[in-house]
Amino acid sequence: MQVQRQHPQGHSHRHPGRMAWRSLVLLPFLLATVSGNTVPIFNTTIFYVPEDLELGQFAFQLEAYDLDNDPLTYQIGGTDAFYFSVDSKSGNVTLRNSLDRELQARLTITARVSDGVNNEVSQKMIIIVEDRNDNAPVFQFLPYNAFIPENTSLHSIIYTVFANDSDTGNASKVSYGIEEVIPDNTKNHQLFYILPNGSVVLNGSLDYATNTFYQIKILAKDSGGLLHNNWIVQQSFNYLSLTIEDVPNLDPRFLNEPYSGSVPENCDLGTTVLTVTAMDRDTGVNDEILYSITNASVPFVINVTTGTITVSEPLDREQLPSEEVLLEVTAREKNLDIYGKEAQTSTLVTVLVTDVNDNKPQFYNCSLSSCNFSASAQDNFMGNIIEHSSFRLPVSNLNIIAHDPDKGINSSFELSLQGPNAAAFSVFPTTIVGSGEVQILVQNSSLVDYEISHVMVVQIIANDTGNPTDCCSTATVTIDLIDTNDHNPEFPQSTYNLTVMENSPDGTIISPNITAYDPDSGILGQITYQLLPESIRKIFTVNATTGALLVHNGSLLDRETRSIYYANLQAKDGGNLVGTAVLEITVLDANDMAPVIIGSYFISVEEGQNVSTQIQAIDNDEPDSLNSKLGFKILPGLFSNNFTIDADTGEMHSKEPLDREALEDERGQMVVAVMVYDHGEPQLSTMVNVTITVGDLNDNIPVFLNQSYEYSVFEDSPGSFVGEVKATDADRTEINSRISFQLERSTGSSNFLIRSSRLGPGNYSGQLFVDPDMSLDYDTLQQKFFTLTVLAENTAADNAGDKANVSVMVHILDINDESPTILPDSLQDVSVAENGTQQGLIHTLNAFDPDTNHSLVFEELAVTCFKGDSSAEDVCWDWFVLTPNGTVLVNSSDIDYEVCDRVLLTLRAEDLYTERGNRYSQNETLRIIIIDVNDNTPVFEAISETFVVVPEISPENLQVATVKATDADSGQGGIITFSIISVVLVEDNGASRPFENLFKVSTTLNKGTYVGSIQVASNLDESLKGQYKVTVEAYDGQEPVHRAQTVLDIFTVDQSYRVRLQFVTMVEEVQSNSESIKLALTTVTKAAVYVVAIRRLEDTAYTQVDAKSVMEAYFVYSNGTALDVNDVSRLILSDALGLAELVKLGLAVIGPGEVTKPTKETELIGIIAGLAAFLLIFILVMTLVLVLTTRSYKRKLSAMKALKVATTFNPATAQQGAGIPGTNQYNAEGANPMLNRPLDPSHDLGFHEDSLSVTSMNSLDENTVNAPADDNFEVEQVKIRPTDPTDKEVLVAALNLKEPTKTAYLNTTFTTTDL
């Protein structure tokens, strides 16, 4: 058998001279065969070393076995041997340089072993570096910078970080957290949070004005793993820098506020006043600012872009409303803000217009505080003064204001007098700055004489000395002289008697006019009036002009409090001279006081008596007037007709004796409402209750509520209740209304008893019972009834004859003693649809009772729930309700066929009137069948297996995957049909390609589960690599149709993984042994074996063995990965048992799927090398024959020696297994070199004397295995046979002493003797 080395890419490449090399390589093995020493073989070819192994620590051990037990020497080589050191004697390998799985997870070294006899054996060793948690998560795609607008919405993902941990398993699972937010404060730390996938989420609102930058410290940590035998959690940090982008959400702001400037009046147009500046508070936006003045009609304009304010109209400071002009300047951003509105702000700019002396003083007729200088100036004024007024006394009624609209020194001017009467007066002040009041003062009082002149005239000159071109103004003042006051006012009477009604409304005229006389003229003769003292003005008032007297506050006029008032009426003229008169005001009475009741009225009297009482009251209005005269009357009420009252005196009497029983009130009270009224206008009244309590007398006898009573009672029921009689007593007290009952002696009265009980006040019942000692027999009674007389007696009555009686008829009834029966027709099955689609009544049960007096009710005893044949426990207990009248009602909308499809109600009927025997019917069962409704969606079962498809061996209709689904519904609603929705191939490079009609699905039912078989629908492309994602839909068969989907991953294995196995057996035998071959291959590789083809090998000229057939197959693991030819070769060669089994089955060569034929040049080189090898072999064979012939004579002498040794040797160890191919030794149990166990060389039978006869060459070299001549090993009964017949008996006898004959597998093909 031949195993070819494979090119790393899975193709076999034959090079010129390769065949010659293979022929030459046989020579050392033939020499080893002749020498009899076997080469060592490595046990293990794959090792696992943790990456955290410390330098110098033990990593693994190279182990090889040698049949000859020769001392072995180990060496390692190759590029990756850099990491290790090996002890040449023990094979212990220690770590020389540190490992890192993340840099190199798989190392390959070449291990060499030598036994000192044969050429050293090399073997490729695979070292798998096991992962340890030695890597912290590493942030990817750094740096982390993000720009986010400040108006980013809450819970938005603003950035996603990713950290990769190159470890595996839990150690590679990364979780994230936020450790710190800079600026560091509690609010900022809560401003962000991070999701498990690394997405950073905004948890608050951003403000560019507050913070323009955040730095978030993000922690990434893995889920932990072992490192140096400790559980370690690795973590790392990185920063996410967030730059907040400003958005236009703030209004602009003026700089350097407040703004003020000045400009002189009469300046040129366009003169610059000042410049305002505003900036966009969204500094990150910095929008252009546009300026405007929003005031209307101002003599200034502003440059829209620069904010410069200039003069736009001629300025006259005196014409402006104020010398300070307030401009409202608005700054507006050019673009709209994020809300679609204009972002703007306003400020006030104060512009001071400075003065120029361009105005002369003017005169105005006004007061200084309220003078309007924008009005026209005046030059004529009028005033007056009393004759002979004192020196410097000013002229009255003269309002002269002199005003110069200029400012400061420009507004200063001088005043002087001129005119015919200038000598009698002077002007004050003589100098004014701006504005000032001008007064004309008496300079010479003797010249101011009314008798000389009634009118005087002067002129006031105002001179602005700083404005010589237009300096002066003149005002003419005409002064009227006033005569003096020398008379007092006088009243015609010294006293006036007046009257007023109390409570008069405000403004009531008491006297229309009380006037005085003053002979002075003009204002001196004008009189005004007022009342004295001042306190009287709270009640009265006087018209100051006419002297009319009025009521000021009528609510203070109360005759009952004060009946007369005195006041002084004062008259004052224009010169403040006064005169007075006395006013006497009498308050007249008004009916404003209601009568007042004296005392309270509670009267007690026994019933049957009359009542008399007198109501007393007073009235505080004026005595002996209609306002204080009183009257009495009874108001309508419950008892108003039972009494009379005297309207004048208030004496009240009952019309007849009082009856306690006529009163419904339990306390026996009568309440009569009496009204006391006066005779004034308006009439006033007061109400008082008169309460009369009537005492009770026992003056009524009991009265039965019914004229007669009729009851029935069952026979043979001693002590049973028959019925009751009721009676009342009209007396209202408990002792007077107490009643007791008794039976009057008559026929049958001794069979009954009566007990009295109180039901309420005056209301009693007598309960009639059968005597407990008496038994009434319905059958023995001649009459089936008794007529009883019941007496009711008032126990407190003085007269024993005060009794009442009533007749009671008692019928004797037969007893109900038959059990009811439920009618079978009403126990038929009932069907109810699930999910509450049926509500209310669903069935009615009927029952029969032969008794004439029966009352049947139904009772539910138990509810049993079933799903199929199994119990559904208590799921349906509240679905249905059985009412007492036999109707079955749906009680729940949760009826679910999928949990329960059958409900059994166990029930019975009860006769409520049954007194003897069984009152219940037999227990019956009502079965309720739940009807299924299509309300469940198909549910896919979880897929735990991996599906693989080999396109080359996937014909149409081949099943490549399965899905399983169930539907809890029944019938058509539970029938599932599968369909393929889409097929997408995800290639190894990540690209996706959709396909149509590539797969199909068939549906089958298996033990309640629907199975969807995914089958190949068309030829698959063998060159495609990747996995098919097949979306399968399951839907049920009833409306409304429910659907569910699942996605299958089907891995595809392309042609590069096809392995070619050559066998020395014929095609037919390989086909018959194909299952055994597949089993052996699966055992060795642990992979599923997919056979592509088994065919005859057409061309064997280029193989080193006589191969007759070839099997081409794929080796695929359940996770979708496949083995190439190198992997298969290594696994087979590392498993000695499996290799032996495959050799037994005829395996000769392992190669790739395609074999390249050698060139003619290659064939020629191979033939030459073969001839040379044959010549060498021939010489060696001849030498071997010579040596063996010489030794044959020595074997007889060795027989005796062998006998001695055999007595201590177990025959089973000598020949207990199949012959080792290429040797003349046999396996002890487990001694096959393919099982990696050595043959114990201590068991020496003495058939040889030197190493040349111990073993022949082991034929299992690196590339070839010499196949046996036939396909099956022989099974024989093998006994130990001495070489020489003369030693046979002795040797056999010695061996048989140790152990009986054993069965062994002997391959006679490869014996040294045959060679």
Visitor: Pick from V875, V890, V903: which one makes a side chain to side chain contact (heavy atoms under 4.5 Å, CB included) with I895?
Guide: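 That would be V890.
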Visitor: Testing the basics here: between P196 and Y176, what is the closest heavy-atom pair and its distance to 0.1 Å?
Guide: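 Scanning both residues, the minimum pair turns out to be O-CD1, 3.4 Å.
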Visitor: Strictly by side-chain hydrogen bond (donor to acceptor under 3.5 Å, both in side chains), give each pair with a member in residues 930-943 just once, sequence neighbours left out.
Guide: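 side-chain hydrogen bond (donor to acceptor under 3.5 Å, both in side chains) check on residues 930-943 returns N835-D935, E898-N936, D932-S970, N934-D1036, N936-D969.
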Visitor: Do any side-chain atoms of residues 953-964 form donor-acceptor pairs under 3.5 angstrom with protein atoms, and if so which ones, sequence neighbours left out?
Guide:
from, atom 1, to, atom 2, distance (Å)
S954, OG, V950, O, 2.4
N957, OD1, K1000, NZ, 2.2
Q959, OE1, S1013, OG, 2.7

Visitor: Taking the side chain as everything from C-beta on, heavy atoms only, tell me whether V1110 gets closer than 4.5 Å to L1061.
Guide: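 With C-beta onward as the side chain, the pair stays apart.
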Visitor: Distance check, rounded to the nearest 0.5 Å: I976 atom CD1 versus D967 atom CG?
Guide: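 It is 5.0 Å, given to the nearest 0.5 Å.
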Visitor: If you define the side chain from C-beta out and look only at heavy atoms, does anything of V1047 sit under 4.5 Å from V1030?
Guide: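 Contact flag for V1047/V1030 side chains = no.
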Visitor: Write down the atom of F1115, the atom of V1128, and the distance for their closest heavy-atom approach.
Guide: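 Smallest heavy-atom distance, with atoms named: CD1-CG2, 3.6 Å.
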Visitor: Ignoring hydrogens, what is the shortest heavy-atom contact between V888 and F880? Give both atom names and the distance.
Guide: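 Taking every non-hydrogen atom into account, CG1-CB, 4.4 Å.
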Visitor: To the closest 0.5 Å, what do you measure between CG (L1081) and CD1 (I1077)?
Guide: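 Answer rounded to 0.5 Å: 7.5 Å.
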Visitor: Is it the case that more than 12 heavy atoms not belonging to Y1057 sit under 6.0 Å from its OH atom?
Guide: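 No, not enclosed.
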Visitor: For atom CD of Q838, decide whether the heavy atoms of other residues, nucleotides or ligands shown that lie under 6.0 angstrom number more than 12.
Guide: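 Yes, because the 6.0 Å sphere around CD of Q838 holds more than 12 heavy atoms from other groups.
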Visitor: Quick check: closest heavy atoms across A872 and K867, and the distance to 0.1 Å?
Guide: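 Smallest interatomic distance, heavy atoms only, reads CB-N, 4.1 Å.
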Visitor: Could you tell me if D222 and N133 have a donor-acceptor pair between their side chains, going purely by distance under 3.5 Å?
Guide: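 D222 and N133 do have a side-chain donor-acceptor pair below 3.5 Å.
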Visitor: Measure the OG1-CG distance between T1065 and L1145 for me, rounded to the nearest 0.5 Å.
Guide: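 If I round to the nearest 0.5 Å, the distance is 8.5 Å.
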Visitor: Mind checking side chain to side chain contact (heavy atoms under 4.5 Å, CB included) for D100 and listing every partner two or more places apart, or none if nothing turns up?
Guide: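 Expected list: E51, E102, L103, D134.
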Visitor: Could you check if a side-chain atom of D1135 sits within less than 4.5 angstrom of a side-chain atom of I1132, using non-hydrogen atoms only?
Guide: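 They are not in contact (no side-chain heavy atoms under 4.5 Å apart), so the answer is no.
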Visitor: Mind jotting down which residue pairs meet the salt bridge (charged side-chain N to carboxylate O under 4.0 Å, His left out) criterion with at least one end in residues 1044-1053? Sequence neighbours excluded, please.
Guide: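 Sorted pair list: K1029-D1049.
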Visitor: In the structure I gave you, are the side-chain heavy atoms of L1020 and T1052 within less than 4.5 Å of one another anywhere?
Guide: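 The answer is no; the side chains never approach within 4.5 Å.
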Visitor: Would you name the heavy atoms of G224 and N170 that are closest together and state the gap between them?
Guide: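 Heavy atoms only, the tightest pair is O-CB, 3.7 Å.
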Visitor: Quick one: are T45 and K124 in side-chain contact, heavy atoms under 4.5 Å?
Guide: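 The answer is no; the side chains never approach within 4.5 Å.
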Visitor: Any side-chain donor paired with an acceptor under 3.5 Å for D878 and S892?
Guide: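 No - no donor-acceptor pair under 3.5 Å links their side chains.
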Visitor: Sequence neighbours excluded, which residues qualify as ring-ring contact (aromatic ring centres under 6.0 Å, His included) partners of Y1035?
Guide: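 Scan of Y1035 (ring-ring contact (aromatic ring centres under 6.0 Å, His included), adjacent residues dropped) gives none.
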Visitor: Would K1025 and E987 pass as an ion pair if we require N to O under 4.0 Å?
Guide: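 Between E987 and K1025 there is no salt bridge, as every charged N stays at least 4.0 Å from the carboxylate O atoms.
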Visitor: My understanding is that only residues two or more places apart in sequence, or in another chain, count here; which of them pass ring-ring contact (aromatic ring centres under 6.0 Å, His included) with Y159?
Guide: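 Per chain and number, Y159 pairs via ring-ring contact (aromatic ring centres under 6.0 Å, His included) with Y144.
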Visitor: Could you list the residues that satisfy side chain to side chain contact (heavy atoms under 4.5 Å, CB included) with Y48, not counting sequence neighbours?
Guide: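 In terms of side chain to side chain contact (heavy atoms under 4.5 Å, CB included), with neighbours along the sequence ignored, Y48 is linked to I46, I128, E130.
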Visitor: Looking just at side-chain N and O atoms, do D167 and N135 make a donor-acceptor pair shorter than 3.5 Å?
Guide: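 D167 vs N135: donor-acceptor pair found between side chains.
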Visitor: Could you work out, with side chain to side chain contact (heavy atoms under 4.5 Å, CB included) as the rule, every residue matching A1088, not counting sequence neighbours?
Guide: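 Scan of A1088 (side chain to side chain contact (heavy atoms under 4.5 Å, CB included), adjacent residues dropped) gives Y1090.
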Visitor: Identify, with sequence neighbours excluded, every residue that meets disulfide bond (SG atoms under 2.5 Å apart) alongside C876.
Guide: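 For C876 the disulfide bond (SG atoms under 2.5 Å apart) partners, ignoring immediate neighbours, are C865.
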Visitor: When rounded to the nearest 0.5 angstrom, what is the spacing between OG in S236 and CD in Q234?
Guide: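 The CD atom of Q234 is 9.0 Å from OG of S236, to the nearest 0.5 Å.
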Visitor: With ring pair (Phe, Tyr, Trp, His ring centres under 6.0 Å) as the test, pick out the partner of F999 among F947, F978, Y1028.
Guide: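 Running ring pair (Phe, Tyr, Trp, His ring centres under 6.0 Å) over F947, F978, Y1028 with F999 returns exactly one hit, Y1028.
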Visitor: Sequence neighbours excluded, which residues qualify as ring-ring contact (aromatic ring centres under 6.0 Å, His included) partners of F940?
Guide: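 With sequence neighbours excluded, F940 shows a ring-ring contact (aromatic ring centres under 6.0 Å, His included) to no residue whatsoever.
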Visitor: Can you confirm whether the side chains of T1009 and T966 place a donor and an acceptor under 3.5 Å from each other?
Guide: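 No pair is found: no donor N or O on one side chain lies under 3.5 Å from an acceptor on the other.
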Visitor: Take V49 and V129 through the test side-chain contact (heavy atoms from CB on, under 4.5 Å) and record every step on the way to the result.
Guide: CA-CA 5 Å; V49 179; V129 182; 5.7 Å; no
Visitor: Roughly how far, to the nearest 0.5 Å, is CG of L202 from OH of Y193?
Guide: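 One finds 9.0 Å between OH of Y193 and CG of L202.
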Visitor: Are T168 and R101 close enough that some pair of their side-chain heavy atoms sits under 4.5 Å apart?
Guide: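 Answer yes - side chains close enough.
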Visitor: How would you list, by chain and number, every residue that makes a ring-ring contact (aromatic ring centres under 6.0 Å, His included) with F1051, sequence neighbours excluded?
Guide: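 Testing F1051 for ring-ring contact (aromatic ring centres under 6.0 Å, His included), a comparison that skips the adjacent residues, returns none.
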Visitor: Measure the spacing between OG of S1109 and CD of Q1062 and express it to the nearest 0.5 Å.
Guide: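 If I round to the nearest 0.5 Å, the distance is 9.0 Å.
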Visitor: Would you name the heavy atoms of Y1117 and L1131 that are closest together and state the gap between them?
Guide: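 Heavy-atom minimum between the residues: OH-CD1, 4.1 Å.
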Visitor: Got a sec, which residues hit side chain to side chain contact (heavy atoms under 4.5 Å, CB included) with R927, two or more places apart in sequence or on another chain?
Guide: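 For R927 the side chain to side chain contact (heavy atoms under 4.5 Å, CB included) partners, ignoring immediate neighbours, are D829, R902, L904, I929.
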